[in-house]
Amino acid sequence: MDAYALGDGRNRAPGAAVAPASQEEVQAIVRLANEHRIPLWPVGRGKNLGYGGTSTVMPGTVVLDMGRMNRILHVDEKHAYCVVEPGVGFFDLYNYLKDNNIPLWMAVPGNSWGSMIGNALERGIGYTAYGDNVEQLCGMEVVMPDGDLLRTGLGAMDGSKGTYHYKYGYGPSWDQMFVQSNFGIVTKAGIWLQPEPQMSAKVGISLPAFTDIGWAIDKLGDLRRRDVIRHNFVFGNYMHEAAVYSQRSDWYDGEGALPDAISQKIIDKYGMGWWSFRLNVAGGPGMVEAHMKEISDALEPQLDYKLDWTTWKPGDPIEKSARGIPSVTALQIVNWYGGRGGHIGFSPVMPQDGEQALAQATRMKGRFEEYGLDYYTSFTMGRRHINNVNLILYNRDNADMVSRARGLFNTLIEDSAANGYGEYRTHIDFMEPVAKSYDFNNNAQLRFNEKIKQALDPNGVIAPGKYGIGTFREGDAA
């Protein structure tokens, strides 16, 4: 069941679980599922916390847990890629590369104990130049809803030598069909890795005022689009630090959201700003030094301090580098309110525009305060977009707080759709309303997804209801 469920979680409780150890066993299970009309819910390591964990949209669905399929099948140092199964986690590959002195870097998410393939298929991110994890997938092996086996891209040719070098192959490219979908089960994939650079540098930056988000997003967006900043990064508010290193009761025992005066006390205590973020650059020394200067020149005129860069070269302690190092420290945030803590993420996508970002932050902060919950947010910067990740923290033992968290989430779906921002990923409780918020031409995209689902999976055995697809209930878009 969902460890962070909004309620007791029984409304979406799985009926059973099965743990195959091989692709052949996955195929056999899928064939049996078709024979007996039993729905399956595939998971890699089951750590998709904040989005439902291992729980299912349709209650009674059987969890297909691929955690035992945890082999690192190949690491190609020369061409900088690996081939792994769904049960391989970020810690597993990081330790393998480290223990074998392989000079390749990987991008890791904030909470790094999940599946590498699972994270990429959910469009999760890390914070290096290779941090768009879904973009690093190249060559998948997929069990289809009838138990057949498909290889994508150049892997469709028997004996192909380029499966993990070129994504597209010949004819239509189907890899994205298996991302955030229920059209098949990925049992193996190639993942591109970053060759260890000659040098890296990193810096932490704090901004004192709530309104600083306006100018900062515009400056940072320009640097990102020009590839001076070449990685995704989290532009987060003070709660990112406060919820890891303390609990709410350390600061405030009152009702409602944290007052601004208390927020300022937290900021002053930890010596951070209302907003903070970390940047890094990596490559040859000339490029690194040039990008450090360009970033400093762009930001320092708006700051009252000089940027203090930490540089690294091979042979220095790895902690000084901009390499992705797995951690689960960020999970401490669920202890913010005490009790059985939980969190759920609401994450609409926006353009990189400072005026829009300030308006969004103002609107979101007001909504959190309306529902009496503390405003935890970030604006994660991609190449031309922002993922506005808002984490709603709550105590699962407080029924009123859980009810307010649910109410807030539903309100944020409506607000964001009204302002033209769609969520990129969501919790199982909200997959259907988020899917329906993509409403162009009478939900043409959802209707298209349903046609594909019915063609590939007429018995509805693979993850019915995932991302709003395949529940086949009367009255749904179909």
Side-chain angles (χ1 to χ4, degrees), residues 17-31 40-48 54 62-109 111-122 124 126 130 133-134 136-144 147-165 167 175 178-179 184-195 324-326 328 462-463:
V18 59
S22 67
Q23 161 251 306
E24 291 81 8
E25 289 186 358
V26 173
Q27 288 181 274
I29 290 164
V30 169
R31 292 186 182 114
L40 303 170
W41 188 267
V43 300
R45 290 174 53 85
K47 305 300 185 184
N48 198 22
T54 54
V62 174
V63 173
L64 181 70
D65 181 349
M66 292 179 284
R68 293 173 65 207
M69 297 172 61
N70 58 3
R71 293 180 298 166
I72 298 170
L73 298 167
H74 180 60
V75 174
D76 189 311
E77 181 177 333
K78 178 179 179 180
H79 298 109
Y81 71 85
C82 64
V83 183
V84 298
E85 293 182 320
V88 174
F90 292 94
F91 280 99
D92 298 326
L93 184 64
Y94 178 83
N95 289 332
Y96 182 89
L97 297 175
K98 181 172 175 288
D99 293 346
N100 291 280
N101 296 313
I102 298 174
L104 297 174
W105 287 10
M106 52 191 283
V108 301
N111 291 319
S112 311
W113 64 350
S115 160
M116 294 186 65
I117 289 178
N119 180 272
L121 293 177
E122 290 293 319
Y130 279 52
N133 289 331
V134 68
Q136 312 318 321
L137 290 172
C138 183
M140 298 182 188
E141 192 166 271
V142 186
V143 174
M144 298 302 291
D148 200 6
L149 189 65
L150 172 75
R151 287 181 178 166
T152 64
L154 290 175
M157 174 188 287
D158 252 343
S160 169
K161 295 182 178 178
T163 300
Y164 307 112
H165 301 252
K167 298 181 181 183
D175 296 69
F178 305 109
V179 174
I185 303 171
V186 179
T187 55
K188 181 170 74 175
I191 299 176
W192 290 349
L193 303 172
Q194 180 180 2
I325 300 176
V328 292
I462 307 297

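Since the model is a prediction, treat every value here as computed from it, not as a measurement. Atoms considered below: every heavy atom in the structure, side chains included; atoms not considered: hydrogens, waters and symmetry mates.
- Within the 3.5 Å criterion, the main-chain N or O of Ala17 finds no donor-acceptor partner in the side chain of Trp41.
- Closest heavy-atom contact between Ala107 and Tyr130: CB-O, 3.6 Å.
- Environment of CZ in Arg71: sparse, with no more than 12 heavy atoms of neighbouring residues, nucleotides or ligands closer than 6.0 Å.
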### Message
One pair to check against side-chain contact (heavy atoms from CB on, under 4.5 Å): Tyr96 and Val75. What are the steps and the verdict?
### Response
CA-CA 10 Å; Tyr96 182 89; Val75 174; 3.6 Å; yes
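- Checking Ile462, Leu121, Thr187, Val26 one by one against Pro42, the side chain to side chain contact (heavy atoms under 4.5 Å, CB included) holds for a single residue, Ile462.
- Remark: the backbone N or O of Arg151 is not paired with any side-chain donor or acceptor of Glu141 at under 3.5 angstrom.
- Atom-to-atom distance recorded for Asn95:CG and Ile72:CD1 is 9.0 Å, nearest 0.5 angstrom.
- Ala19 approaches Arg68 most closely through the heavy-atom pair O-NH1, 2.7 Å.
- With hydrogens and angles ignored, the 3.5 Å screen pairs no side-chain donor or acceptor of Asn100 with any backbone N or O of Ile102.
- A distance-only check finds a donor-acceptor pair linking the side chain of Ser115 to the backbone of Pro86 [under 3.5 Å].
- Panel note: side chain Thr163, backbone Gly139; no donor-acceptor pair is recorded below 3.5 Å.
- For the pair Leu149 and Val143, the tightest heavy-atom approach, listed with the atom from each and the gap, is CD1-CG2, 4.0 Å.
- Between the side chain of Thr54 and the main chain of Gly46, no donor-acceptor pair closer than 3.5 Å is present.
- One finds the CG atom of Asn133 at 5.0 Å from the CG atom of Asn119 (value rounded to the nearest 0.5 Å).
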### Task
Verify side-chain contact (heavy atoms from CB on, under 4.5 Å) between Lys47 and Val328, making sure each step is shown before the conclusion.
CA-CA 11 Å; Lys47 305 300 185 184; Val328 292; over 6 Å; no
